[in-house]
Trainee: 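Dumping the structure here so I can ask a few things about it.
Excluded from the calculations below are hydrogen atoms, water molecules and symmetry mates; all remaining heavy atoms, backbone and side chain alike, are included. So you know, we letter chains A, B, ... as the sequences are listed, proteins then strands, and number each from 1.
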2 protein chains.
Amino acid sequence: MSAEKCLAKGSTAPGPVPKDYIRVYSMRFCPFAQRARLVLKAKGIKYETINIHLKEKPEWYLKKNPLGLVPTLETPAGEVIYESPITCEYLDEVYPEKKLLPSSPFAKAQQKMMLENFSKVIPYFYKIPTGRKNGEDVSGLEADLKEKFAKLNECLINKKTKFFGGDSITMIDYMMWPWFERAEAYQFKQFLDGTPELKKWTELMLQDSAVKALMFSPDAHKAFFKTFLDGNPDFD
Amino acid sequence: MSAEKCLAKGSTAPGPVPKDYIRVYSMRFCPFAQRARLVLKAKGIKYETINIHLKEKPEWYLKKNPLGLVPTLETPAGEVIYESPITCEYLDEVYPEKKLLPSSPFAKAQQKMMLENFSKVIPYFYKIPTGRKNGEDVSGLEADLKEKFAKLNECLINKKTKFFGGDSITMIDYMMWPWFERAEAYQFKQFLDGTPELKKWTELMLQDSAVKALMFSPDAHKAFFKTFLDGNPDFD
């Protein structure tokens, strides 16, 4: 259904999206693209994946998405949607099967506030490994990240639920998961020892069929991340 | 209906929100809070305003919104919603009168992509005046902002519509307006001379009843912004 090898500068643009399918432009190891892929998979949507070389972007791709980022969705009608939270909400609205966002406006707003809060956690997943690689003192950043994990843990305690939106997986869980899948590869896994509810959440997430279907091993993440930190990412 | 004078540290927390009302915590000159107020006004929602001293935040306010930012909404049920785009979408979902977001998922996604794009324009509205005040060379920043205005202008040309979401005002127009209301005060107005469609849009926006009802004069914005740049903002 999908080409795994990424398309780079000079490649030929793919043809129109087949009827009844949606296309996602992705990069195998991109956590933002993984968000859209998790939603596609969880909702059982028929989709095809085209991987993009993010260092040597195809000219035709920049015409579709001037930012050149992934994920981008494309429909058979040629509609183009990008920015991971926007793609995910779009998918949830267009495909009514297995709704991932709550229908109550307040519960939906709560998920969006959690997502906004989580967007301030993400930079630590890059700053710390980069700092470590450069031999810098990252203890302050590590303490900050631990505190952020503690806040997430507290959120689960206060809600008294297994997942961030209730006792079953909803959108917010898929939005946060990709970074936790990489926790071991990024050497953050031990930080979870101080946050048992959050750790339990990661264990429950690992049992989800969409998570399992799209998952890479810590070794695969580690190998990619090494090439990424070295400035020469191997997207395949 | 609303107290204009802002509440600071040591103030008493306001009581519950009256039935059939919604409360917005605001700051008179905050462009982000203005977004929510524009939506409240445009939709004819009954609301009360409580202004917050953003330098000396009331203790009770930080309990409602730990980020301490405005806007924050509070309902009679004690539900709290913050982050300006989240508050605006919440209001549009809860109050069905005069829908501001399109019902089509793709058109809605387009508005969100435009908003995301505009969020990269906003920092220039602060960097340039700060740079000017410090006697720095801001010609590069000014050129960048002019280019961003040119992109917005191009967007209106390509859409062939008066507003960013069509021929009538929709959500995206209100999300962008507060910064353009301040263009004269921030000495950016001449930048619009090179972007006639965008300039025309600002003129049409000035005729909107919600915009007119909440507007401050360039002199009032200038006076506030001076105290803001001096590091001692006068929130009243």
Side-chain angles (χ1 to χ4, degrees), chain A residues 17 22 32 36 39 43 45 63-69 71-96 99 101-120 147-148 150-152 154-155 158 172, chain B residues 17 22 32 36 39 43 45 63-69 71-96 99 101-120 147-148 150-152 154-155 158 172:
Chain A
V17 179
I22 191 158
F32 296 96
V39 171
K43 291 178 73 79
I45 298 167
K63 281 185 197 152
K64 292 187 196 285
N65 176 349
L67 304 174
L69 302 172
T72 297
L73 296 176
E74 187 174 4
T75 70
E79 293 163 337
V80 167
I81 304 111
Y82 45 82
E83 296 289 341
S84 68
I86 303 175
T87 61
C88 293
E89 194 168 349
Y90 170 83
L91 291 171
D92 205 38
E93 287 192 357
V94 172
Y95 298 89
K99 279 278 183 192
L101 276 167
S103 56
S104 136
F106 179 58
K108 204 190 286 184
Q110 280 183 308
Q111 294 229 348
K112 288 181 186 174
M113 289 188 274
M114 281 192 264
L115 179 62
E116 188 60 33
N117 174 53
F118 185 69
S119 73
K120 289 160 195 149
E147 199 189 305
K148 295 201 180 282
K151 284 262 166 69
L152 291 172
E154 207 180 296
C155 177
N158 292 341
I172 184 64
Chain B
V17 180
I22 190 157
F32 295 96
V39 169
K43 291 178 71 81
I45 298 167
K63 280 186 197 151
K64 292 188 196 284
N65 175 351
L67 304 174
L69 301 173
T72 298
L73 296 176
E74 188 175 3
T75 71
E79 293 162 339
V80 167
I81 303 110
Y82 45 81
E83 296 288 343
S84 66
I86 303 175
T87 61
C88 293
E89 195 167 350
Y90 170 84
L91 291 171
D92 205 39
E93 286 191 358
V94 171
Y95 298 89
K99 280 277 183 191
L101 276 168
S103 57
S104 136
F106 179 58
K108 205 190 285 183
Q110 280 182 308
Q111 295 228 348
K112 288 180 184 173
M113 290 189 274
M114 281 191 264
L115 180 63
E116 188 59 34
N117 174 55
F118 186 69
S119 72
K120 289 160 195 150
E147 199 188 304
K148 296 203 181 282
K151 284 261 167 69
L152 291 172
E154 208 180 295
C155 177
N158 293 340
I172 184 64

Trainee: Heavy-atom distance under 4.5 Å to chain B: side chain of L73(A), backbone, both or neither?
Mentor: neither
Trainee: Which atoms of E116(B) come close to chain A, meaning under 4.5 Å heavy atom to heavy atom: side chain ones, backbone ones, both, or neither?
Mentor: side chain
Trainee: Testing D92(B), V94(B), I81(B), L91(B) for side-chain contact (heavy atoms from CB on, under 4.5 Å) with P105(A), which one passes?
Mentor: V94(B)
Trainee: Could you tell me which portion of K120(B) (side chain, backbone, both or neither) has an atom closer than 4.5 angstrom to a non-hydrogen atom of chain A?
Mentor: side chain
Trainee: So for atom NZ, which belongs to K99(B), do other residues, nucleotides or ligands contribute more than 12 heavy atoms lying within a distance under 6.0 Å?
Mentor: yes
Trainee: Measure the shortest side-chain to side-chain distance between E93(A) and K108(B) over non-hydrogen atoms and say whether it is less than 4.5 angstrom.
Mentor: yes
Trainee: Report the option among L67(A), T87(A), I86(A) that has the most heavy-atom pairs separated by less than 4.5 Å from atoms of chain B.
Mentor: I86(A)
Trainee: Among the options E89(A), E79(A), Q110(A), pick out the one with the most heavy-atom pairs lying under 4.5 Å from chain B.
Mentor: E79(A)
